[in-house]
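Working notes for the structure below.
Worth knowing before you read on, the calculation uses all heavy atoms, side chains too, and leaves out hydrogens, waters and symmetry mates.
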Amino acid sequence: MTISQPLPMPTLVHRSLLAALLTLTAAGCIVITGDFDPLSRRPRPLTEQVVSGTGKAKVLLIDLSGVISGEERAGPLGLGGRESTVSRVQAELDAAAEDDAVRAIVVRINSPGGTVTASDIIYTALTRFKTEHGTPVLVQMLDVAASGGYYAALAGDEIVATPTTVTGSIGVIFTNISVAGLMDKLGVQNQTVASGAMKDIGSPLRAMTPAERGVLQNLIGDLQSRFVDLVRERRPGLTPEMSTTMTDGRVFSADQALQGGLIDRLGYLTDTIERAKQRAGVSEARVIRYRRGDEYADTIYARAAVPAQVTQVSLLSLQDGRLPPGPHFLYLWEP
């Protein structure tokens, strides 16, 4: 005997959408291309695409754009999605490790930062790769390379910024709000039961106590020290003034960053690619990108990954899908 079970709601939605699209197609209204398996979230294999240059040697261009996170992002209505920043960078490094023709890596950064852990993982992955394979890694900053974006940039043998880059924001932030006052007005009571006084630290359902603030400040201090110590270790040309000034979390212009020793020089992506060839000891090389499926990059400035939806958020509304849910410590510049 066969017992019918109701389909899960996501399946019903997906099949209804697919049926509607097929109906419209049959009527000659639209043409559908791409993946017809909307329930599949598996990323397609990486394939190599040459975007410029000639020769046997290769310079791999890695794109680090948007908010840095270790979380995947679902697409509209659960269809498709975007892999995490950490996953994508690691996948590209794994692919490069299998190709002896990859002689240098240029990491193009346009990011305000992200979570502390994701930024640290990417920095570590890049550092480990260049150590294990003897491959020079150069960093090209574009509009913004701040906080976690700058943290990741510290893996570079050279850091180059465009003349209009904004960088810095060396610091940690923990975002938190309290809705206790609103709850009082609505007659809603917090009835949380916790095993200890600090168990629900950071809860938005009540005001933070001075003791709780002290605990969180100590955590932030530890993470801040890790960031600052890494800057001082990786940037030996840091001026005494910059070494002190940078600790308050401010951002810097490209000129200020250069004068203070946060970066090595000003230039553009084409210049950095040429410098990568020099460091690799080759006179000519193909600049390559790795892409998945329908991703397309026909120039060195094109993004390899499907761009995330652009949203304008503030610290009071960071739950926009770019970061993992729940409390998190951030290397992030988010004015």
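When side chains are defined from C-beta on, Arg235 does not count as touching Met242, because their heavy atoms never get closer than 4.5 Å. No side-chain heavy atom of Met246 sits under 4.5 Å from any side-chain heavy atom of Tyr150. Residues Met183 and Gln189 are not in side-chain contact: their nearest non-hydrogen atoms beyond the backbone lie 4.5 Å or more apart. For the pair Val172/Leu219, no side-chain contact is recorded, criterion being any heavy-atom separation below 4.5 Å from C-beta on. Using a 4.5 Å heavy-atom threshold, the side chains of Thr162 and Gln140 count as touching. Contact check for Ile68 versus Tyr151: no side-chain heavy atoms found under the 4.5 Å cut-off. Using a 4.5 Å cut-off on side-chain heavy atoms (C-beta onward), Arg108 and Leu142 make contact. No side-chain heavy atom of Val116 sits less than 4.5 Å from a side-chain heavy atom of Phe227.
Looking at Asn190 and Thr192, their side chains do bring a donor and an acceptor atom within 3.5 Å of each other. Between the side chains of Gln259 and Asp255, no donor-acceptor pair is found at a separation under 3.5 Å.
Around atom CD of Gln278, more than 12 heavy atoms belonging to other residues, nucleotides or ligands sit under 6.0 Å away. The number of heavy-atom neighbours closer than 6.0 Å to CZ of Arg128, taken from other residues, nucleotides and ligands shown, is 12 or below. For Arg213, the CZ atom is loosely surrounded, since the number of other residues' heavy atoms within 6.0 Å does not exceed 12.
Comment: Arg226 engages Asp120 in a salt bridge, judged by a side-chain N to carboxylate O separation of less than 4.0 angstrom. Between Lys58 and Asp100, no side-chain nitrogen of the basic residue sits less than 4.0 Å from a carboxylate oxygen of the acidic one, so the salt-bridge criterion is not met.
What you find for Ala96 and Phe129 is that their closest heavy atoms are CB-CZ, 3.9 Å. For Val67 against Gly114, the heavy-atom pair with the smallest separation is CG1-CA, 4.0 Å. Summarising the geometry of Gly66 relative to Pro112, their closest heavy-atom pair is O-CD, 3.8 Å, with the distance given to 0.1 Å. The nearest pair of heavy atoms linking Ala155 to Thr127 is CB-OG1, 3.6 Å. What you find for Ser84 and Ser69 is that their closest heavy atoms are CB-O, 3.5 Å. Taking each heavy atom of Met208 and Glu212 in turn, the nearest pair found is CA-OE1, 3.5 Å.
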**Study point:** Residues Val102, His133; criterion side-chain contact (heavy atoms from CB on, under 4.5 Å); working and verdict
**Key:** CA-CA 10 Å; Val102 175; His133 299 276; over 6 Å; no
Practice item. Verify side-chain contact (heavy atoms from CB on, under 4.5 Å) between Leu64 and Val139, making sure each step is shown before the conclusion. Key: CA-CA 10 Å; Leu64 189 59; Val139 169; over 6 Å; no
Point to revise | Worked check of side-chain contact (heavy atoms from CB on, under 4.5 Å) between Val188 and Val179 | key: CA-CA 10 Å; Val188 179; Val179 296; over 6 Å; no
Review point. Side chain to side chain donor-acceptor pair (under 3.5 Å) between Ser243 and Arg232: does it pass, once the steps are laid out?
Key: CA-CA 7 Å; Ser243 183; Arg232 289 171 177 161; 2.9 Å; yes
Exercise for review: Given salt bridge (charged side-chain N to carboxylate O under 4.0 Å, His left out), test Arg265 with Asp271 step by step and report yes or no.
Suggested key: CA-CA 11 Å; Arg265 55 192 173 84; Asp271 305 320; 5.8 Å; no
Exercise for review: Check step by step if side-chain contact (heavy atoms from CB on, under 4.5 Å) holds for Arg88 and Leu46.
Suggested key: CA-CA 10 Å; Arg88 181 55 177 261; Leu46 289 173; 3.9 Å; yes
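Atoms CG and CG, from Leu205 and Leu182 in turn, are 11.0 Å apart once rounded to the nearest 0.5 Å. A distance of 9.5 Å separates CG in Leu61 from CD1 in Ile288, rounded to the nearest 0.5 Å. Remark: Ile122 CD1 to Thr117 OG1 distance equals 11.5 Å, nearest 0.5 Å. Thr175 contributes atom OG1, which lies 5.5 Å from atom CG of Leu330 (distance to the nearest 0.5 angstrom). The line from NZ of Lys56 to CZ of Arg103 is 11.5 Å long, rounded to the nearest 0.5 Å. Atom CG of Asp143 is separated from atom CG of Asn110 by 4.5 Å, given to the nearest 0.5 angstrom.
Across Leu138, Leu262, Ile263, a single residue satisfies side chain to side chain contact (heavy atoms under 4.5 Å, CB included) together with Ile159, and that is Ile263. When the options Val160, Val137, Leu269 are evaluated for a side chain to side chain contact (heavy atoms under 4.5 Å, CB included) with Val106, the one that passes is Leu269.
For Gln224 (side chain) and Thr247 (main-chain N/O), a donor-acceptor pair under 3.5 Å exists by modelled atom type. For Thr167 (side chain) and Ala145 (main-chain N/O), a donor-acceptor pair under 3.5 Å exists by modelled atom type.
Placement of Val228 and Leu223 within a single hydrophobic cluster is found when ILVMFWY residues are connected by side-chain heavy-atom separations under 4.5 Å, directly or transitively. A continuous path of ILVMFWY side-chain contacts below 4.5 Å connects Ile62 to Val50, so both sit in one hydrophobic cluster. Residues Leu238 and Phe252 share a single hydrophobic cluster, defined by chaining ILVMFWY side chains whose heavy atoms lie under 4.5 Å apart.
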